[in-house]
Every structure is written in structure tokens, then in C-alpha cells.
Amino acid sequence: MNKFFKSSTALILAFAMVLLVSGCGAKQESALHNGSTAPSSNETVELTISAAASLTDALKEIQKAYESKAETVKLNFSFGASGALQQQIEQGAPADLFLSAATKNMKALVDQELIDKDKQKTLLTNELVVVIPKDAETTIGSMNELTKAGIKNIAIGIPESVPAGSYAKEALTNAELWDDLQAKIVQGKDVRQVLQYVETGNADAGFVYKTDALTSQAVKIAFAIDPQSYAPVEYPIGIVKATKHSKEAEDFYAYLQSQESLDVFAKYGFSIPK
């Protein structure tokens with residue numbers, strides 16, 4: 001009798017334990033489905049932004065501000081000539097956003113359906129200037145003075161891939177100086193290289209954006225190019241369709257259009273379209 005009683009008691013206790021464990025498991029499963037105890041993800045999402053070289057300084061400042069707010073997002077920038085960046089995206093290089101210094105490069109990607117036309121817009125505008133070394137002995141105040149004997153080398157971006165170079169060629173062509181100055185022209189892979197040529201004295205003058213000129217202590221603006229002599233300098237931004245981080249890309253796309261970001265761009269000399 002005692003043996004039977006002990007066995008029964010053991011069975012009852014075992015059964016109770018099974019019910020208790022099952023009940024806890026069910027509660028945990030229910031809680032997970034309800035989202036109340038679902039594990040939160042703190043994994044860092046890395047966004048790759050292909051951006052025109054002339055945006056370097058402004059975007060680096062914006063990067064610090066944005067990463068301090070979006071702690072799980074890391075921004076990686078690929079700076080270069082807009083035409084070269086366009087080709088990289090066309091060839092499948094990873095990119096989540098594209099910031100171009102010319103509308104034609106953005107349009108090409110929209111036309112190829114690599115960027116949604118509804119997720120791109122003109123963000124900024126800029127203007128073209130001619131810079132000379134800060135300690136230059138020869139001063140110039142107009143396009144025609146680029147023909148002076150003291151101006152031996154004139155730097156411009158490669159017109160086929162660098163928007164600033166394309167604008168410079170257009171302005172020189174309209175001034176009927178493009179052919180006459182061919183022997184003096186040296187070409188840079190992007191607008192920052194053109195600026196560097198002038199800073200280091202490897203060029204006596206260079207065509208850059210006003211915003212680039214303002215970043216350098218080694219050059220000075222000789223004169224601004226007549227804006228009627230070249231196409232408007234517009235900077236469109238767009239989200240690349242192939243992005244694997246749509247939400248984060250859209251969040252940064254929106255942040256770049258915020259007043260906080262626009263104030264930074266304005267500080268570096270960019271203009272905001274009205």
C-alpha cells in the first residue's frame with residue numbers, strides 16, 4: 001500500500017511539473033507573438049552614399065550630426081566625379097543614395113530605372129568661379145585675361161565625367177576661348193583635384209565651384225563666371241533602387257532635406273532652390 005501511494009504521488013508530481021513547464025512555454029511563445037518580449041536588434045546598418053566631390057566637407061559635418069542621432073546607422077561616403085559615380089552604379093557597385101553635381105547624371109540613372117523618379121529631387125545649387133593661388137603675382141579679372149602670358153596652366157575637370165569641367169568647357173566655348181586655350185588646359189579627375197592643382201602651384205588658375213574655393217586657405221577667387229554662360233549647377237539626390245536598406249536610406253534622404261542639413265550646406269556656400 002505504501003509503495004502504491006508513493007508511486008502515485010510521484011506520478012502526480014511529475015505530471016504537475018509537465019503542466020507547469022508547458023504553461024510557461026505557452027506564455028513565453030504568446031508573449032513573443034505579441035511582441036512584448038521580442039529581442040530588439042541593435043545591429044549597425046551601413047549606408048553607402050555616392051556623392052560629388054564638391055560635397056565632401058558639408059557631408060562630413062552632416063555625417064557627424066546624423067550618426068549621433070541614428071546610433072545604429074553608419075554612413076560610408078564614396079566621393080568622386082558625378083559621371084564616374086554614375087558609371088559605378090550602372091555597373092552594379094553597391095550604393096544606397098546618389099548625390100550628383102549635375103542633373104544629367106541623375107537623369108541617366110532614372111532613365112535606366114536604377115533610381116525611382118519619385119525618390120529623387122534637386123537639393124542644392126552652386127556657381128562656377130576661377131581661382132588662383134593666394135600669393136599669385138599675376139592677377140586676372142575676366143575670362144579673356146586667361147590668355148595672359150603669365151597664365152601658363154589652367155586646370156579644369158575632365159568635361160566628359162566631371163560636371164564642373166563640363167560647365168567650364170561650356171563657358172569657355174561661349175566666350176570663344178576653348179580652342180585658343182587648349183595648350184594651357186590641364187584636366188583633373190574631379191573638382192577637388194583641380195583645386196589641389198591650384199593650391200600646389202601646378203596650375204595658375206582653375207575652374208571650381210564657389211563652395212570649393214571657400215574651403216581653401218591657399219587660393220583666392222579671381223572672378224565668378226557669368227551664370228548665363230553655362231547651364232545651372234544643380235545637385236539632385238536620389239535613392240538607388242538596389243538598396244538593401246530602404247528604410248534607413250529613406251530616413252537619410254529625408255534628413256538631407258531637413259532644415260538642419262540645409263543650414264550646413266548653406267554654411268559651405270551652397271544655395272537652396274526656391
Shortest non-hydrogen separation from [X] to [Y] and the atoms involved:
X	Y	result
A203	P133	O-CG, 4.0 Å
E199	A218	CG-CB, 3.9 Å
I221	A213	CG1-CB, 3.7 Å
L214	Y268	CD1-O, 4.2 Å
S216	V219	OG-N, 3.6 Å
A164	L128	O-CD1, 4.1 Å

Group every Ile, Leu, Val, Met, Phe, Trp and Tyr by side-chain heavy-atom contacts under 4.5 Å, then state whether [X] and [Y] land in the same group.
X	Y	value
V191	M106	no
L177	Y230	yes
V186	I158	no
Y197	V131	no
V162	V194	no

Whether over 12 other heavy atoms sit under 6.0 Å from [X] [atom1]:
X	atom1	result
E71	CD	no
K119	NZ	no
K60	NZ	no

Would you check if [X] and [Y] make a side-chain contact, meaning some heavy-atom pair closer than 4.5 Å?
X	Y	value
E260	Y255	yes
T138	E145	no
P163	Y209	yes
N105	L85	no
I132	K220	yes
F265	L123	yes
P159	Q187	yes
L146	I140	yes

Any donor-acceptor pair under 3.5 Å linking the side chain of [X] with the backbone of [Y]?
X	Y	result
N153	D204	no
S50	F98	no
Y253	Q120	yes
T215	D212	yes
E170	S166	no
D96	T48	yes
T173	K169	yes
Y235	F270	no
S161	A84	no
K189	G80	no

Verdict with reasoning, K69 to D251, per salt bridge (Lys or Arg N to Asp or Glu O under 4.0 Å): CA-CA 12 Å; K69 298 173 183 292; D251 287 345; over 6 Å; no
To the nearest 0.5 Å, tell me how far [X] [atom1] sits from [Y] [atom2].
X	Y	atom1	atom2	answer
D190	Q196	CG	CD	9.0 Å
I239	D118	CD1	CG	11.0 Å
Q63	K74	CD	NZ	6.5 Å
T44	E67	OG1	CD	9.5 Å
F207	I154	CZ	CD1	6.5 Å
S229	N174	OG	CG	6.0 Å

Q86/K104 under side-chain contact (heavy atoms from CB on, under 4.5 Å): CA gap, chis, key distance, verdict: CA-CA 10 Å; Q86 172 200 327; K104 68 176 184 178; 5.8 Å; no
Flag for S142-N144: side-chain donor and acceptor within less than 3.5 Å: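 No, because no side-chain N or O of N144 sits under 3.5 Å from a partner of the opposite role on S142.
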Polar contact flag, side-chain donor to acceptor under 3.5 angstrom, Q259-D263: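 Side-chain D/A pair, Q259 to D263: present.
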Aromatic ring proximity, centroids under 6.0 angstrom, F77 and F79: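 Centroid distance F79-F77: below 6.0 Å, so yes.
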Step-by-step side-chain contact (heavy atoms from CB on, under 4.5 Å) determination, V45 to T72: CA-CA 6 Å; V45 170; T72 60; 5.8 Å; no
salt_bridge(K107, D111) N-O dist < 4.0 Å: yes
Verdict with reasoning, E90 to L109, per side-chain contact (heavy atoms from CB on, under 4.5 Å): CA-CA 7 Å; E90 289 172 340; L109 295 179; 3.6 Å; yes
CA sep, side-chain torsions, deciding dist, call: F252, V73, side-chain contact (heavy atoms from CB on, under 4.5 Å): CA-CA 10 Å; F252 187 55; V73 175; over 6 Å; no
